[in-house]
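Below is one structure, written out as structure tokens, with a few remarks after it.
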Amino acid sequence: MIDKLLQNLNEEQYEAVTFDQGPLLLVAGVGTGKTTVITRRIAYLIAEKKARPAEILALTFTEKAAAEMEERVDILVPYGYIDAQISTFHSFCDRLLRENALLISLTPDFRILTEPEQVIFFKDHLFDLPLKSLRPLGNPISNLRAILTLFSRAKDEDITPQEYRAYVEQLQKRIKTDSNDEALAAEFMLQDELADVYAKYQQLLLEKGFVDFGDLITLALRLLRDHPAILARYQRQFRYILVDEFQDTNYAQFELLKLLAGHHNLAVAGDDDQSIYKFRGAAISNILHFQRQFPDAKLIVLKINYRSTQEILDSSYRLIQNNNPDRLEVRSGIEKRLIAVSTDVKSINYRSFETLSDEADFVAEKIATIMKEKGCSYRDFAVLVRSNIQADPFLRAMNLRHIPWRFSGSRGLYDRWEIQTAISFLRLMADPRDNLSLHFLAGSPIYQLESEALALLTSYSRRTNKTLLQVFRIAAQTEGFLSISREEREKIKKIADDISAMMPTSRDETTGSLLYEYLMVRTEYLKSLSCSQKRDDLQAMQNLAKLFALIERFKEIAKYDRVPWFIDYLNALIEAGDNPAVGEADWDEDAVSLLTIHQAKGLEFTHVFLVGLVSGRFPSRHRRDPLSLPDELIKDILPTADFHQQEERRLFYVAMTRAKKSLYLTSALDYGGKRPRKPSLFICEAVDIPIATIKTAKRSPLATLKDHQIRPEKPLIDEHIISEAKRLNLSYRQIDDYLTCPLKYHYIHREKIPIRQHHTVIYGAAIHRAIRWYNINLLSQRHIPLEDLQKIFKQNWRAEGFLTREHEEMRFQEGLCALACFYEYQGKNSKIPHLVERRFSVIEKNNRIIGHFDRIDQSDEGGIIIDYKTSEIKDSAQADRRTKESRQLGIYALAYQRIFNQLPQRIELHFLTPQIIIGQFVPTEKRLEQILIDIEYVATGIRNGQFDPDPEYLACTYCAYRGICPYPYKDKE
DNA sequence: GTGAATCCGATTTTT
DNA sequence: TCGGATTCAC
């Protein structure tokens, strides 16, 4: 049996498998059979009776890798079972903690919070945490994710709240010696706040019996450090420890390994050139400095590659050497140039294209050709992208040629229409007044109510102040109601009946059974999906299955599983930014894989296409975390050179080495942006092409054309429509909403679907009223006391939409304070306004632009248009910028120009935050021209009934109609 | 050659 | 919204 274990091993592999005692660093390049070595080593240790299975601990990162390793060991070791511990770091620590929870005053039934649950937890305790500047009352949750990411990174680095606090005290000392350093002072304020919040957050977690993923590691560390007897016990138990993908370990994980492996029987396997998880804490220094930690470590290098051609190996090697000297080869003085077993030649091609669609066409075309010539299967192909968003054009090109593909990258489960349909139904069950959801449900594929009938009902509901559901019920019973056709009325009746029939069930049944009853029995929707052969329908089925799984998870933690509470839970998840991946149609089907490089790690394909290789995309632009750990706290040894570029280069290395036989590198000049793109630096590094021969781009004809195109093609105005809709009234709001997204405009201004008021709107309105009243009095030179001003504010206050009672109270106080600041400022600058709260209306090419000025002051050089804002602002530079870019003030300036026949002297935004920060801008003719173009674009679009979705960047994320928008969530590329 | 204005384009993911 | 890269103005 031992012979079998040692069969077909090369010299180095043999050495690693049979290596006896002490620390071992197995440097295993790509495709050198690393996992084979680890699994055979485990089997060998058992077979040779060097260790009992229970004495072996093997650690990996993902459940998938652990399961695979376990399976391979199972096959090698002919016992019915083995009790070697093969698991992920986290599940190992989980077990450690549950066995010894009480020792570190942790409840043994602690629950692990997933990321969205962490966000929910943080939000629930938002006002219990000592947050100050990081919790602006206008948007208290704005920094939440950044803070949690920071804490998670802190745990990667094994930084306790106490250590964080100690660091802040260091900072404070430094301030005392150098009291003029403003940046340092600001840094101290921020870090001081973070240290407090960190400590309190950990305390709250502990109190409630929660831990997060990072805690699993750090708490396990604490357990072992504080309890030598426990540590000794585990050291005795795990006589052999093996770690896979060692380059992905973080600082804390290595600390854990060092403790456990007190006896030095620690074998780690990895490849520094494949370290691509820096952003989640991986410390490449662990592998680079392993020998520093274990000077007597045996070093074995696997160099024989069983995957790729020599050309691919040589090219990727050329590339990766640009990371020197931050590489193991240099640091440890070893040689790890890979040697191919394959004798194939000519395997790398680089192609550059004019446009992205040419590039995508080429890839699809090439796949088709190779398929024909070589007779392989689709699953032999992979298209690798740097980021998920780049996948789209390639998927479309493959669709055109009927090439099957699978792409697992897509998030956005909640934005799928089948999920929205199901959720709309549940929301309606939880609240029959939820017009938005009924509106969506009626238009969904289940009922397919025509949009005209739906619009009529919606408008009737608004006019009569009845809920949409009430109106549906009336319409169902009244023949000829609103002249709706008989056919549509049947649909309406069906909807009303279904809802009425499901209501009692929703009281008595759990969320899962209610939804099942509705989708399966009542509407037979699930049935129709499962009978369908269409790919989309099958996927819809999978997605719904995912929703049911989510409902299951809720059932586990909820005290009482009924729809309204599930809706609360779901809302919290969505608000926390949770949006799981959509389901896969079928994993077994023969299809081309489209993957991000991160997802492709560890996989191999005969033919690989590495696409989108232009600077800015790959290497991607470096972006810092919004809150990052202070360098002084980072225990990982920071490298010397441009770290981001090194990491991207390793990523490129990983990508190249996925290919067995052929590798295509492609790029294009035109990716839809205005400027042509330069080919990636990595292409030159990998392939021996002199830079000069790569076309460094004159502008492509398309790009040049696009420069002259200010907006997407202007639709021609239909004569008939223009005569009918003679004059268009446009307010600033309408213009802004249309530009944000035409469909949003449609929802707000045409369908007038009401939405719940946001707390910032309530706050802003109350402040505005108070200030308006003040200004009106000022205009007639009446001075009023501050108390009266604040009284107006109070009268206009409504307790709606605030996160908690506490939030509302703090915000209310902030409002009073803001008004006091305003009052004081006015006292000092006792200018009498020229006019206050004046409505205007100007005609511009058959469009009537309407609005009102908050206030205009008169100076010697002209008018000053003033508008008041309550949004957050950093400093006056940002305020100036906002003023300059303000579409609203631009429109006001235009109106001013038309009314007074001259430009205003300047425009001002007064931000009450609550101190007063004033942004100023002097409007120019050029700015007015831009505004006119915008107005014209909006007017034309509205006249032509053009309401297809076209969201501005990030518009969907904040859109109140996101839950009902039938178009998949997508921000403008 | 340098500072200011303007213009683009917008990650990766596991436990 | 935000920051960097490019272009513009001098």
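Every chain is numbered from 1, with letters handed out A, B, ... down the list of sequences. Note that the coordinates shown come from a computational prediction; the quantities given were computed from them, not determined experimentally. Atoms considered below: every heavy atom in the structure, side chains included; atoms not considered: hydrogens, waters and symmetry mates.
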> Within this structure, what is the CG-to-C1' distance between A:Asp248 and B:dT14, rounded to whole angstrom?
Replying inline: 10 Å
> Under 4.0 Å: is that the gap between some side-chain N or O of A:Asn388 and OP1 or OP2 of B:dT11?
Replying inline: no
> So, for A:Tyr653 and A:Phe682, is the gap between ring centers shorter than 6.0 Å?
Replying inline: no
> How would you list all residue pairs meeting salt bridge (charged side-chain N to carboxylate O under 4.0 Å, His left out) that involve residues 106-116 of chain A, not counting sequence neighbours?
Replying inline: A:Arg111-A:Glu117
>> Does B:dT12 have OP1 or OP2 under 4.0 Å away from a side-chain N or O of A:Ser620?
In response: no
> Within this structure, what is the CG-to-P distance between A:Leu610 and B:dT12, rounded to whole angstrom?
Replying inline: 15 Å
> Looking for any heavy atom pair under 4.0 Å, which part of the strands does A:Glu115 touch: base, sugar-phosphate only, or nothing?
Replying inline: base
> Between the side chains of A:Glu245 and A:Tyr277, does any donor sit under 3.5 Å from an acceptor?
Replying inline: no
> Atom CD1 of A:Ile276 and atom C1' of B:dT14: how far apart are they, to the nearest Å?
Replying inline: 12 Å
>> With a 6.0 Å cut-off on the ring centroids, do A:Phe92 and A:Phe238 count as close?
In response: yes
>> What is the distance, to the nearest angstrom, from the CG atom on A:Leu651 to the C1' atom on B:dT13?
In response: 12 Å
>> Tell me whether the side-chain N/O atoms of A:Asn250 come closer than 4.0 Å to OP1 or OP2 in B:dT14.
In response: no
>> My understanding is that only residues two or more places apart in sequence, or in another chain, count here; which of them pass side chain to side chain contact (heavy atoms under 4.5 Å, CB included) with A:Arg98?
In response: A:Asp94, A:Phe110, A:Ile112
>> According to a cutoff of under 5.5 Å between the ring centres and under 30° between the ring planes, does A:Tyr953 stack with the base of B:dA10?
In response: yes
>> So, using side chain to side chain contact (heavy atoms under 4.5 Å, CB included) as the criterion, who are the partners of A:Leu928 when residues are at least two apart?
In response: A:Ala893, A:Leu894, A:Gln897, A:Leu903, A:Glu925
>> Rounded to whole Å, how long is the line connecting atom CG of A:Asp625 with atom P of B:dT13?
In response: 15 Å
>> Using atom P in both nucleotides, what's the gap between C:dG4 and B:dT11 to the nearest angstrom?
In response: 16 Å
> What is the distance, rounded to the nearest whole Å, between atom CG of A:Asp215 and atom P of B:dT15?
Replying inline: 17 Å
> Taking atom P of B:dT12 as reference, at what distance in whole Å does atom CZ of A:Phe279 sit?
Replying inline: 9 Å
> Is the phosphate of B:dT12, meaning OP1 or OP2, less than 4.0 Å from a side-chain N or O of A:Gln599?
Replying inline: no
> Taking only residues two or more places apart in sequence, or in another chain, which ones meet A:Phe605 in a ring pair (Phe, Tyr, Trp, His ring centres under 6.0 Å)?
Replying inline: none
> Just by modelled atom types, is the A:Ser275 backbone N or O under 3.5 Å from a matching donor or acceptor in the A:Arg650 side chain?
Replying inline: yes
> What residues form a ring pair (Phe, Tyr, Trp, His ring centres under 6.0 Å) with A:Phe89, not counting sequence neighbours?
Replying inline: A:Phe61
>> By the 4.0 Å heavy-atom rule, please label A:Glu245 as base, sugar-phosphate, or nothing.
In response: nothing
>> For A:Ser142, give me all partners under side-chain hydrogen bond (donor to acceptor under 3.5 Å, both in side chains), at least two apart in sequence or on another chain.
In response: none
>> Categorize A:Thr62 for me: base, sugar-phosphate, or nothing, with a 4.0 angstrom heavy-atom threshold over every strand shown.
In response: sugar-phosphate
> So does A:Arg280 reach the base of B:dT13 with its side chain, donor to acceptor, closer than 3.5 Å?
Replying inline: no
> Could you state the NZ-P distance from A:Lys601 to B:dT14, rounded to the nearest angstrom?
Replying inline: 12 Å
> What residues form a side-chain hydrogen bond (donor to acceptor under 3.5 Å, both in side chains) with A:Tyr414, not counting sequence neighbours?
Replying inline: A:Asp578
>> As a test of reading the structure: which of B:dT15, B:dT12, B:dA10 is closest to the side chain of A:His90, going by heavy atoms?
In response: B:dT15
> Within the structure shown, what part of the strands sits under 4.0 Å from A:Phe61 by heavy-atom distance: base, sugar-phosphate, or nothing?
Replying inline: sugar-phosphate
Polar pairs (N or O, both sides) under 3.5 Å between protein and nucleotides 4-6 of chain B?
{"unit_1": "B:dT6", "atom_1": "OP2", "unit_2": "A:Lys884", "atom_2": "NZ", "d": "2.9"}

> According to the salt bridge (charged side-chain N to carboxylate O under 4.0 Å, His left out) rule, which pairs have a member within residues 58-69 of chain A, sequence neighbours left out?
Replying inline: A:Glu68-A:Arg72
> First and last nucleotide of DNA chain C touching chain A, 5' to 3', heavy-atom cut-off 4.0 Å?
Replying inline: C:dT1 to C:dT6
> What would the secondary structure line of DNA chain B be in dot-bracket form, counting Watson-Crick and G-U wobble pairs under 3.5 Å, with [ ] for pairs that cross earlier ones and | for pairs with another strand?
Replying inline: ||||||||||.....
> Listed by chain and number, what are the side chain to side chain contact (heavy atoms under 4.5 Å, CB included) partners of A:Pro626, not counting sequence neighbours?
Replying inline: A:Ala146
